[in-house]
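No experiment lies behind these values; they were computed from the predicted model shown.
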Amino acid sequence: MSEVIPVQAFGGPTALFEYGGLRLLTDPTFDEPGSYTSPSGTTLTKLAPPAAGPDSLGRIDVVLLSHDQHADNLDDSGRALLADVPLTLTTVSGADRLGGTARGLAPWESVQVGAVTITGVPARHGPAGCEPITGEVTGFVLTGDGLPSVYVSGDNAALELVEQVAERFGPIDTALLFAGAVRTPLFDGALLTLDSEQAAEAARILGARRIVLVHFNSWAHFTEGRDALVKAFTAAGLIDRVQLD
């Protein structure tokens, strides 16, 4: 497929794209800079405002929410926005917490929304065994008759799970990869998301024809930004496929 899916990034993990007649938003975060305490109890510091506010979005049909536990993936403005969205797809436990129009997808479970099939795919927010601390996380794959495939990684640090996605759905036309090499005091500073080199490797595993990088700016615990991503994707010979804005 050669069709280009328009993607608008707002900073952090938040991006808006159009697909199969739907307008979809990933992990809505529109709060201003400051320190925010997540429902999990972790305090995270936002360094930069969003590129635009929620009032600029227009119609949103579906929110693809990787998880609700952390303020850098769902903040106060994002939670308010969910009340006006017809469908929020997220983890099973997250849907229970959010209520409203939220629906949980277990790994490999699919839902049909118009002409689009949205499948929840595995993600792991840290090293093996992290789930009791960092909680449940999901990614998504979007497919449809005559449509290019789209993968949204969510906060995933496990390349072996990317390999599972590639086995079922690869090659992927557009991959939205959450990068940033997130590190906190948890797990002795182990990666909680992909670092730049791992993001490039994920793109290679997926056979991604186009790569949109998000979740690498705006927050203090993102330890690798644009320069590291450019270096890694250039070294991998993939920079010509990358959107960083």
Side-chain angles (χ1 to χ4, degrees), residues 7-17 25-31 33-36 38 40 42-51 64-75 78 123-127 130 133-135 137-140 151-159 161-162 165 174-206 208 210-236 238-239 241-245:
V7 181
Q8 181 181 3
F10 294 90
T14 308
L16 175 65
F17 65 99
L25 185 71
T26 63
D27 290 18
T29 55
F30 293 98
D31 286 352
S35 293
Y36 295 92
S38 302
S40 65
T42 302
T43 297
L44 302 172
T45 300
K46 190 172 188 180
L47 303 174
L64 302 176
L65 177 62
S66 68
H67 62 299
D68 66 304
Q69 306 97 294
H70 301 137
D72 61 320
N73 295 87
L74 182 67
D75 62 12
R124 193 181 72 221
H125 199 358
C130 70
I133 304 299
T134 54
V137 181
T138 190
F140 304 92
Y151 168 58
V152 180
S153 73
D155 274 12
N156 174 52
L159 286 174
L161 297 182
V162 177
V165 171
T174 295
L176 275 75
L177 299 180
F178 288 33
V182 168
R183 298 180 189 274
T184 72
L186 291 174
F187 314 113
D188 296 322
L191 284 167
L192 303 185
T193 63
L194 301 175
D195 66 17
S196 300
E197 291 184 358
Q198 290 172 331
E201 177 62 10
R204 186 199 65 77
I205 291 168
L206 294 163
R210 178 167 174 250
I211 304 138
V212 180
L213 297 171
V214 298
H215 198 272
F216 64 87
N217 56 17
S218 303
W219 291 85
H221 59 294
F222 295 1
T223 67
E224 292 183 7
R226 182 188 186 93
D227 290 348
L229 286 164
V230 169
K231 180 179 178 181
F233 278 85
T234 299
L238 296 172
I239 194 65
R241 307 183 191 184
V242 170
Q243 174 182 327
L244 268 164
D245 299 312

For the side chain of Ser35 and the backbone of Thr45, is there at least one donor-acceptor N/O pair under 3.5 Å apart?
no

Can His125 and Gln69 be said to form a side-chain contact (heavy atoms from CB on, under 4.5 Å), step by step?
CA-CA 11 Å; His125 199 358; Gln69 306 97 294; over 6 Å; no

Can a donor-acceptor pair be found, under 3.5 Å and without considering hydrogens, that links the side chain of Asn73 to the backbone of His67?
no

Does some side-chain heavy atom of Leu65 sit less than 4.5 Å from a side-chain heavy atom of Leu74?
yes

Test of understanding: with salt bridge (charged side-chain N to carboxylate O under 4.0 Å, His left out), list the residues that count as partners of Arg124, not counting sequence neighbours.
Glu160

Rounded to the nearest 0.5 Å, what separation is found between the CG atom of Leu176 and the CZ atom of Phe17?
6.0 Å

For a 4.5 angstrom cut-off between non-hydrogen side-chain atoms, does Val242 reach Ile239?
yes

Determine whether Leu191 and Arg183 satisfy the following criterion, side-chain contact (heavy atoms from CB on, under 4.5 Å), listing intermediate values before the conclusion.
CA-CA 5 Å; Leu191 284 167; Arg183 298 180 189 274; 3.7 Å; yes

Can you tell me how far apart CD (Glu197) and CD (Glu224) are? Round to the nearest 0.5 Å.
7.5 Å

Quick one: sort the Phe222 and Trp219 rings into parallel, tilted or perpendicular, breaks at 30° and 60°.
tilted

Parallel, tilted or perpendicular, as decided by the 30° and 60° cut-offs, for the rings of His215 and Phe178:
parallel

Arg226: partners by salt bridge (charged side-chain N to carboxylate O under 4.0 Å, His left out), with sequence neighbours left out:
Asp245

For the atom pair CD1 (Ile211) and CD (Gln243), what is the distance rounded to the nearest 0.5 Å?
11.0 Å

Heavy-atom check, side chain of Phe216 versus side chain of Thr193, under 4.5 Å
no

Using side-chain heavy atoms (C-beta onward) and a distance below 4.5 Å, is Leu229 in contact with Ser196?
yes

Could you give me the CA-CA distance, side-chain angles and deciding distance for Val162 and Tyr151, then say whether side-chain contact (heavy atoms from CB on, under 4.5 Å) is met?
CA-CA 10 Å; Val162 177; Tyr151 168 58; 4.0 Å; yes

Who are the salt bridge (charged side-chain N to carboxylate O under 4.0 Å, His left out) partners of Glu201, not counting sequence neighbours?
Arg204

What is the minimum heavy-atom distance between Val214 and Ala15, and which atoms define it?
CG1-CB, 4.3 Å

Rounded to the nearest 0.5 angstrom, the CG-CG distance for Asn156 and Leu192 is 11.5 Å

With rounding to the nearest 0.5 angstrom, report the CZ to OG1 distance, Phe10 to Thr29.
10.0 Å

Is it the case that the side chain of Thr223 and the backbone of Ala181 share a donor-acceptor pair, with hydrogens and angles ignored and the cut-off at 3.5 Å?
yes

Donor-acceptor contact below 3.5 Å, side chain Ser66 vs main chain Ser153:
no

Under 3.5 Å, is there a donor-acceptor pair between the His221 and Asp72 side chains?
yes

Do Asn217 side-chain atoms and Gly12 backbone N/O form a donor-acceptor pair below 3.5 Å?
yes

Whether the side chain of Asp31 engages the backbone of Asp75 through a donor-acceptor N/O pair (distance < 3.5 Å, no angle test) should be reported.
no

Evaluate the side-chain contact (heavy atoms from CB on, under 4.5 Å) criterion for residues Phe233 and Leu244: first the C-alpha distance (whole Å), next the side-chain angles of each, then the deciding distance (0.1 Å), finally the verdict.
CA-CA 11 Å; Phe233 278 85; Leu244 268 164; over 6 Å; no

Can you tell me how far the CG atom of Leu159 sits from the CG atom of Leu194, to the nearest 0.5 Å?
6.0 Å

Minimum heavy-atom separation for Ala123 to Gly139, with atom names?
CB-N, 4.0 Å

